[in-house]
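Both counts, for ligands and for their atoms, begin at 1 and track the order of listing. One is the number of the first residue; the rest follow in order along the sequence.
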Amino acid sequence: MSSSLTPLESLSAHSRLLRNDAGLTFVRVDNAHASALLSLFGGQLLQYRPHGQAPVLWLSDTAVLDGSKAIRGGIPICWPWFGKGTPGLPQHGVARLGQWQLASVQETDDGTRLRLSLHHEQARLELELRIGAALEVSLCTTNLGPAPLPLQAALHSYFAVPHVDRCRIEGLGPDYHDSLGGTGVAGDQDERPRAPFDRIYTRPQPLTQLHCDDRLLQLQHERHDSLVLWNPGEHELPADISAPAGFVCIETALLRAPALAPGGSQRLGFRCHLDAPGRS
Ligand SMILES: O=P(O)(O)OC[C@H]1O[C@@H](O)[C@H](O)[C@@H](O)[C@@H]1O
């Protein structure tokens with residue numbers, strides 16, 4: 001990350017609070033297993049790197065880090081809707097533009113556990129991150145209001161890769177909506193998509209494997225009903241995307257769930273880790 005971060009205070013044995021020049025606050029974790037950087041603006045994990053391994057997440061060199069727009073990279077949270085939503089409201093919802101509260105930091109033998117929360121209208125959103133040899137992400141929505149709550153959510157992960165055109169992706173699903181062509185595709189076994197692509201898999205697999213050169217990322221989804229696969233290619237990019245060949249977005253998503261009943265909760269998550277080089 002190019003902007004400098006000023007340490008504020010220690011939160012636990014392996015984590016501390018920092019602030020950048022624009023006033024955004026961050027949590028840096030450096031424990032026995034991995035290092036990570038989280039932005040409280042957006043509740044967004046920006047960096048995660050197991051020790052001795054390559055960075056798992058991509059963060060744009062030109063990401064805007066002043067709170068004026070969503071941060072490009074890491075794991076933005078799309079919530080409570082995905083995509084355009086109602087005209088005049090922000091694409092992918094309000095969570096990635098919100099100021100989250102840090103609820104707790106806990107050190108365990110497996111790593112560091114961070115809990116965050118955000119309130120929006122009649123809903124409470126809680127995010128739990130476990131930073132260890134593997135990364136675990138869990139997002140939970142609770143409907144605090146009297147009426148059913150229509151809800152979509154996606155963990156819009158930007159996974160770092162040596163080059164998008166050298167990737168092979170197993171475990172997406174047989175059918176998808178091609179958002180670029182506006183068509184449905186059934187029974188496609190394409191494991192080597194070429195950028196640009198923008199697809200919503202509607203019968204997603206539980207385990208996705210992202211191979212690229214000697215890297216293998218294992219991604220175990222929890223309670224999703226869709227997977228979104230996105231890379232914009234090299235042309236007509238917004239200013240905050242630098243070097244798009246360096247990422248593949250594989251988004252663990254809940255896009256077709258029924259409205260959440262009053263008092264009800266809904267969870268979405270994933271666990272991912274890198275396998276040792278040479279095993280892909
Ligand atoms: O630029 P944004 O709002 O972060 O969206 C990036 C992309 O996010 C993906 O999830 C969508 O499928 C794409 O259509 C979209 O372009």
Below the 3.5 angstrom mark, is there an N/O of Tyr158, backbone or side chain, next to an N/O of ligand 1? no
Within a distance under 4.0 Å of any heavy atom of [X], pick out the atoms of ligand 1 and give their elements.
X: Glu251; answer: 9 (C), 10 (O)
X: Asp198; answer: 11 (C), 12 (O), 13 (C), 14 (O)
X: Arg96; answer: 2 (P), 3 (O), 4 (O)

Give the residue, atom name and distance (to 0.1 Å) of the protein heavy atom nearest [atom].
atom: atom 5 (O) of ligand 1; answer: Gln91 NE2, 3.2 Å
atom: atom 9 (C) of ligand 1; answer: His156 NE2, 3.4 Å
atom: atom 6 (C) of ligand 1; answer: Trp230 CH2, 3.5 Å

With the threshold set at under 4.0 angstrom, would you say Arg199 reaches ligand 1 through any of its heavy atoms? no
For the pair Thr25 (side chain) and Leu40 (backbone), establish whether a donor and an acceptor sit closer than 3.5 Å, ignoring hydrogens and angles. no
Donor-acceptor pair, side chain of Tyr48 and main chain of Gly132, under 3.5 angstrom: yes
Could you label the plane-to-plane angle of the [X] and [Y] rings as parallel, tilted or perpendicular, counting under 30° as parallel and over 60° as perpendicular?
X: Trp79; Y: His120; answer: perpendicular
X: Trp58; Y: Phe247; answer: tilted
X: Tyr176; Y: Tyr201; answer: tilted

Any side-chain heavy-atom pair of Gln101 and His119 under 4.5 Å: no
